Amino acid sequence: MKLESMYQEIILDHYRRPHHKGLREPFDAEVHHVNPTCGDEVTLRVRLADGCSENPTVQDVSYDSLGCSISMASVSVMTDLVVGKSLDEATRAYDAFLTLMRTKGDSASVMDEVEDVLEDAVAFEGVSKYPARIKCALLGWMAWKDATARAVTTKEMA
Amino acid sequence: MKLESMYQEIILDHYRRPHHKGLREPFDAEVHHVNPTCGDEVTLRVRLADGCSENPTVQDVSYDSLGCSISMASVSVMTDLVVGKSLDEATRAYDAFLTLMRTKGDSASVMDEVEDVLEDAVAFEGVSKYPARIKCALLGWMAWKDATARAVTTKEMA
Amino acid sequence: MSSPLDVERVRKDFPVLERVVHDDKPLVYLDSAATSQKPRQVLDAIDDYYCLHNSNVHRGIHTLAEEATALYEGARDKVAGFINAADRSEVVFTKNSTEALNLAANVIAWAESPLGLRDGDEVVITEMEHHSNIVPWQMVTRRTGATLSWFGITDDGRLDLSDIDRVITERTKVVSFVLVSNILGTVNPAEQIVRRAREVGALVVVDASQAAPHLPLDVQALGADLVAFTGHKMCGPTGIGVLWGRRDLLEELPPFMGGGEMIEMVTMGSSTYADLPHKFEAGTPPIAQAVGLGAAVDYLSALGMDKVAEHEHMITAYALDRLQAVDGLRVIGPRTAQDRGAAISFVLGDLHPHDVGQVLDELGIAVRVGHHCARPVCQRFGVPATTRASFYLYSTTAEVDALVDGLEHVKRFFGAPGGRP
Amino acid sequence: MSSPLDVERVRKDFPVLERVVHDDKPLVYLDSAATSQKPRQVLDAIDDYYCLHNSNVHRGIHTLAEEATALYEGARDKVAGFINAADRSEVVFTKNSTEALNLAANVIAWAESPLGLRDGDEVVITEMEHHSNIVPWQMVTRRTGATLSWFGITDDGRLDLSDIDRVITERTKVVSFVLVSNILGTVNPAEQIVRRAREVGALVVVDASQAAPHLPLDVQALGADLVAFTGHKMCGPTGIGVLWGRRDLLEELPPFMGGGEMIEMVTMGSSTYADLPHKFEAGTPPIAQAVGLGAAVDYLSALGMDKVAEHEHMITAYALDRLQAVDGLRVIGPRTAQDRGAAISFVLGDLHPHDVGQVLDELGIAVRVGHHCARPVCQRFGVPATTRASFYLYSTTAEVDALVDGLEHVKRFFGAPGGRP
Ligand SMILES: Cc1ncc(COP(=O)(O)O)c(C=O)c1O
Ligand SMILES: Cc1ncc(COP(=O)(O)O)c(C=O)c1O
């Protein structure tokens with residue numbers, strides 16, 4: 001069944017038992033993103049390591065989300081990939097995920113490039129075949145990107 | 001040729017040598033009507049007989065017009081039918097002309113009714129087949145009706 | 001349960017209903033509230049228009065121009081007849097309901113006193129409006145300084161009119177409401193709202209987008225001032241909508257857009273405007289689309305709108321029964337078929353509608369998921385979105401059965417790992 | 001004179017060109033500036049859309065909804081490519097040019113400072129605009145207190161730009177002009193106008209309604225801020241138009257109409273708006289019509305817009321020669337084919353164009369008569385109306401010959417009684 005290429009067991013697991021869920025203190029920036037076409041929502045906080053490193057560690061990402069299995073699982077998988085990583089590494093994961101989502105289901109050519117970086121998140125490969133769901137899969141990542149940009153700015157101002 | 005049912009010789013004659021043309025004094029009311037779809041224009045003046053008759057005589061109708069053969073001929077024919085007539089008679093001609101224009105080329109049923117009243121104006125029968133030209137044929141009549149209504153009001157106010 | 005329509009014959013008129021999706025699944029189209037499918041008769045009218053008569057309208061005297069004008073204006077006559085307008089010039093063609101409602105909101109706002117909206121005036125809408133009947137009023141009230149207020153919704157998905165006299169006040173200039181909700185299915189009590197609006201001298205705008213396709217619509221009996229609906233939901237093409245308005249009101253209102261067709265006389269310094277309905281139809285109108293809508297109206301009239309309504313009522317009652325027997329399913333909206341249209345929103349346990357819709361699609365069942373452009377309703381019922389099945393004249397009870405079976409499959413799919421197919 | 005197009009083959013694509021009128025007269029369609037005919041390829045795309053994929057766009061996840069969305073957004077890609085837009089989201093679908101121009105005028109007027117129109121600001125247009133690029137600016141300048149001024153026309157039908165620095169001033173906020181006149185045929189010197197507008201920081205709006213169908217159009221090279229055109233004049237269906245805008249400008253401008261599709265988040269109290277291009281596309285868009293326009297753009301691109309332009313230039317030169325040899329005929333507009341489109345207006349002696357057009361129609365020749373929605377041009381040239389023959393990619397020199405013969409017939413028809421046929 002084609003559908004199972006989207007609803008991989010890994011995705012359903014994250015959906016049923018999301019990681020890093022809940023809003024926590026302290027945080028440097030908080031954003032609220034919505035997917036206007038379907039009403040998915042995520043509130044997401046980012047906490048970067050203190051100090052003035054060019055490449056700080058992503059200390060925590062906490063969130064509260066409402067949405068479909070794809071968007072919920074995606075934000076959960078995302079936190080696994082970025083929390084505890086350096087900002088550069090996390091950004092690499094972000095870029096890789098975007099690349100994967102843009103393949104329209106034809107991911108063979110990029111798999112080599114993204115596989116190592118994305119770990120569990122390669123399970124979202126099948127979602128890229130469903131244009132209407134790509135936004136769901138991206139929601140959490142976009143929120144993270146936005147919150148991180150704000151957190152960096154805040155740190156720089158401080 | 002079907003076209004000749006519209007461009008009757010009588011119409012072309014009035015077009016080439018219009019009757020009552022030119023703007024004259026005195027007048028009780030003047031109106032300017034246009035056919036917005038094609039730019040036909042007529043400025044038309046009405047003079048009713050003095051006195052407070054319910055049914056005054058149409059003493060003069062003078063006009064200046066710009067337009068196609070149908071609109072120019074129609075206003076010319078119209079003046080022949082209303083100038084010197086009582087307002088009631090003139091209005092009867094107006095009603096008959098409207099009836100004729102509404103037949104969509106199927107005038108047989110109304111011919112008996114309108115023939116005597118309309119004289120030369122029955123030549124416009126063929127125009128009623130051409131929806132876009134009916135407005136041309138009506139332009140002068142509408143202007144006359146409007147100017148007359150104003151003239152009557154003016155007289156009543158006086 | 002028997003339908004007054006010969007649905008199998010009706011279905012043959014709709015080419016798309018022969019589609020299969022996902023290789024071999026026959027299409028079960030339960031998304032007519034979003035847009036209806038089109039019968040061959042409508043598609044043929046459009047094709048004939050382009051192949052035989054295509055020309056710009058009104059401004060030409062050549063044969064094609066006269067034919068195109070007659071077809072376009074003929075479509076207006078058909079629509080006027082369909083809604084029982086007193087006068088054909090009360091029918092204004094727009095591109096969709098949304099343009100019709102924006103037109104209404106803007107020209108009312110711009111109008112001279114006493115019509116125009118001013119600081120301190122009030123506009124009343126409802127919490128169950130489609131975004132197209134919310135946002136235009138937000139925009140014009142913001143620009144004019146008027147305030148926007150609204151009726152709430154009861155727990156069973158009806159308008160809460162208990163405080164109607166406090167919501168519609170002497171300062172209310174406009175009351176705009178949806179006749180049939182696209183998300184809840186509710187048919188609203190127009191008479192009561194119109195009566196109160198009349199008492200305070202407010203204009204009444206009705207969004208009939210989900211009414212015109214499904215129920216006999218008589219604008220004179222309705223008693224509103226302006227009524228909007230959209231062609232693509234009533235067997236017509238996309239790109240065409242209708243604003244009906246009372247003639248004397250339309251005459252007083254200023255034009256919305258300026259341009260060709262809508263003028264009487266233009267000089268560089270100023271212009272005067274054409275008579276109704278052209279005053280509100282700037283530019284080359286959606287000619288082929290009006291012709292298509294005319295054919296749609298003929299199609300619906302030939303079936304009989306009372307029969308269409310009866311058929312849908314039957315399907316709705318059947319669907320409500322069967323759906324509410326599904327474990328974990330909660331209908332958002334009236335739970336009986338009384339005063340109710342054929343759009344049924346629901347949530348299934350705590351499954352997100354996206355997931356429900358996706359799995360149904362895999363089975364060939366097309367439902368809509370999301371907020372259905374009525375996000376305040378979702379907020380009111382505390383759900384991020386709903387799944388909506390909506391029926392039309394070609395819908396069958398077998399399709400309802402397929403939906404119910406599909407929902408059981410959905411539950412299994414997302415159930416405990418062991419329960420997955 | 002040889003055409004770069006295989007016109008006989010092109011003509012076979014257009015079903016309507018097989019029409020006969022008045023019993024047995026083959027149609028000679030010389031009214032493409034009013035609306036073009038449609039090739040079978042476009043009609044098939046529309047029919048396929050309705051028969052296979054019809055669904056509402058964007059908000060659905062079922063198969064048909066995804067297909068319809070892909071087709072609709074695919075049409076946007078095609079149009080973006082056709083006009084060389086830097087970004088697909090700069091292409092906004094409207095219902096026609098007129099909506100595109102009204103949208104432009106209203107959102108510029110409503111915009112926050114420094115964009116918005118205020119008392120004392122100036123808008124500059126030209127005397128050769130179509131009413132659709134005059135009336136919207138009259139309406140918004142009246143509402144905002146801005147003033148409207150314009151460039152005049154020279155005797156040979158060109159824009160009089162001799163006083164360009166006095167017409168476009170430091171107070172000018174918007175300059176809006178037609179790229180190719182629909183009545184005079186003039187192709188205007190965009191570069192010179194854009195340069196001066198840039199000097200004073202004014203926005204530039206271009207009405208490309210008669211350019212997009214006939215010439216290669218590159219919005220980036222043009223250097224304007226907003227460009228409007230209309231589908232039905234470029235082999236596409238009625239009911240669809242385009243507003244192209246620079247991305248950063250469109251982002252700053254407020255929305256025009258409110259409703260479904262154009263929102264990000266709606267609450268009863270207020271709303272936020274979607275990203276480009278959806279912010280400007282309220283309501284169900286003209287989906288099938290966009291698909292049809294996409295097919296039209298494919299059709300034109302396959303022929304090559306440079307070849308289309310060359311063909312029309314050839315026909316125009318031929319027609320100007322032959323027409324100006326007709327005794328008593330006076331061309332209103334440039335008398336040579338240089339910087340000129342394929343619409344030729346003329347008057348014939350003191351015969352009224354209505355009469356000319358009527359007699360030509362009887363011969364099967366479809367020309368347009370009237371003021372062509374550009375009444376100020378008629379006033380400028382002291383004529384109540386003109387007769388206009390306009391050519392397109394399917395026009396032939398034989399059709400020009402038929403027109404010239406027809407005009408001789410017209411003269412005989414209205415000539416001295418003895419001279420009538
Ligand atoms: C130059 C020009 N501008 C604007 C328009 C308006 O186009 P539409 O009627 O499709 O809105 C036209 C055609 O009618 C035109 O020729
Ligand atoms: C109740 C209601 N109002 C308005 C609309 C808007 O119609 P359209 O999108 O055709 O403008 C719709 C449908 O989308 C609707 O269901």
Side-chain angles (χ1 to χ4, degrees), chain C residues 15-16 19 21 34-35 37-38 43 47 50-52 54-56 59-64 95-99 102 127 130-132 134-136 138-139 150 232 237-239 257-260 263 266-268 270-271 282-284 286-289 354 357-358 361 366 368-370 373 375-376, chain D residues 15-16 19 21 34-35 37-38 43 47 50-52 54-56 59-64 95-99 102 127 130-132 134-136 138-139 150 232 237-239 257-260 263 266-268 270-271 282-284 286-289 354 357-358 361 366 368-370 373 375-376:
Chain C
V16 85
R19 263 278 319 248
V21 295
T35 198
Q37 296 303 340
K38 326 299 175 200
L43 304 184
D47 211 58
Y50 284 128
C51 290
L52 295 173
N54 175 61
S55 174
N56 214 324
R59 290 162 297 183
I61 56 171
H62 59 74
T63 305
L64 263 55
K95 76 171 166 183
N96 52 25
S97 272
T98 303
E99 185 193 345
N102 278 272
E127 204 178 356
H130 188 279
H131 293 164
S132 293
I134 298 176
V135 186
Q138 289 178 341
M139 292 166 72
W150 52 88
H232 68 92
T238 57
M257 295 199 243
I263 55 91
V266 174
T267 64
M268 291 307 290
S270 70
S271 304
T284 303
I287 307 170
Q289 293 72 39
H354 266 200
Q358 194 84 55
D361 176 59
R368 189 132 304 221
V369 299
C373 295
R375 194 174 164 280
Chain D
V16 84
R19 265 268 333 238
V21 294
T35 199
Q37 295 303 341
K38 326 298 175 202
L43 305 184
D47 211 57
Y50 284 128
C51 290
L52 295 173
N54 177 61
S55 174
N56 214 324
R59 289 161 300 184
I61 56 171
H62 60 74
T63 306
L64 264 55
K95 74 172 167 182
N96 51 25
S97 272
T98 303
E99 185 192 344
N102 278 271
E127 202 178 359
H130 188 279
H131 293 163
S132 293
I134 298 176
V135 185
Q138 289 178 340
M139 291 166 72
W150 53 87
H232 67 91
T238 57
M257 295 200 243
I263 55 92
V266 175
T267 64
M268 292 306 291
S270 69
S271 304
T284 302
I287 307 169
Q289 293 71 41
H354 266 202
Q358 195 84 56
D361 176 59
R368 188 132 306 219
V369 299
C373 294
R375 195 173 165 280

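Keep in mind it's a predicted model, so treat the numbers as computed, not measured. Lettering follows sequence order; numbering is per chain, from 1.
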ask   = Would a distance-only check, ignoring hydrogens and angles, find a side-chain to backbone donor-acceptor pair under 3.5 Å from D:T35 to C:N56?
value =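 Here the side-chain-to-backbone pair does not exist.
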
Considering only heavy atoms, which portion of [X] lies under 4.5 Å from any heavy atom of chain D: side chain, backbone, both, or neither?
{"X": "C:V266", "value": "both"}
{"X": "C:N96", "value": "side chain"}
{"X": "C:I287", "value": "both"}

task = Walk me through it: do D:V21 and C:H62 pass the test side-chain contact (heavy atoms from CB on, under 4.5 Å)?
result = CA-CA 10 Å; D:V21 294; C:H62 59 74; over 6 Å; no

request  = Sort D:M257 into side chain, backbone, both or neither according to what part of it lies under 4.5 angstrom from a heavy atom of chain C.
outcome  =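 For D:M257, the contact with chain C is made by backbone and side chain together.
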
inquiry  = Under the rule for side chain to side chain donor-acceptor pair (under 3.5 Å), what residues qualify as partners of C:S271, not counting sequence neighbours?
reply    =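 D:Q138.
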
Between chain C and each of [options], count heavy-atom pairs under 4.5 Å; write down the option with the most.
{"options": "D:E127, D:H130, D:E99", "value": "D:E99"}
{"options": "D:A366, D:A288, D:P237, D:G239", "value": "D:A366"}
{"options": "D:I134, D:I61, D:T267", "value": "D:I61"}

request  = Would you mind reporting whether C:I263 and D:R375 have side-chain heavy atoms less than 4.5 Å apart?
outcome  =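 A side-chain contact is absent here, since even the closest heavy-atom pair is not under 4.5 Å.
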
Side chain to side chain, C:S55 and D:R368, heavy atoms closer than 4.5 Å =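 Yes, side chains in contact.
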
Heavy-atom pair with the smallest gap, counting every atom of [X] and [Y]:
{"X": "D:T238", "Y": "C:Y50", "result": "N-OH, 3.2 Å"}
{"X": "C:S132", "Y": "D:G260", "result": "OG-N, 3.0 Å"}
{"X": "D:G258", "Y": "C:P136", "result": "O-CG, 3.5 Å"}

inquiry  = Just so I understand: if I count every heavy-atom pair under 4.5 Å between each of C:M268, C:Q358, C:Q289, C:Q37 and chain D, which residue has the most?
reply    =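 So the answer, after comparing C:M268, C:Q358, C:Q289, C:Q37, is C:M268.
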
ask   = Do you know which of C:G283, C:G357, C:S97 has the most heavy-atom pairs under 4.5 Å to chain D?
value =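 When all of C:G283, C:G357, C:S97 are compared, C:G283 has the most.
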
inquiry  = Can you list everything that forms a salt bridge (charged side-chain N to carboxylate O under 4.0 Å, His left out) with C:K38? Sequence neighbours excluded, please.
reply    =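 C:K38 satisfies salt bridge (charged side-chain N to carboxylate O under 4.0 Å, His left out) with no other residue.
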
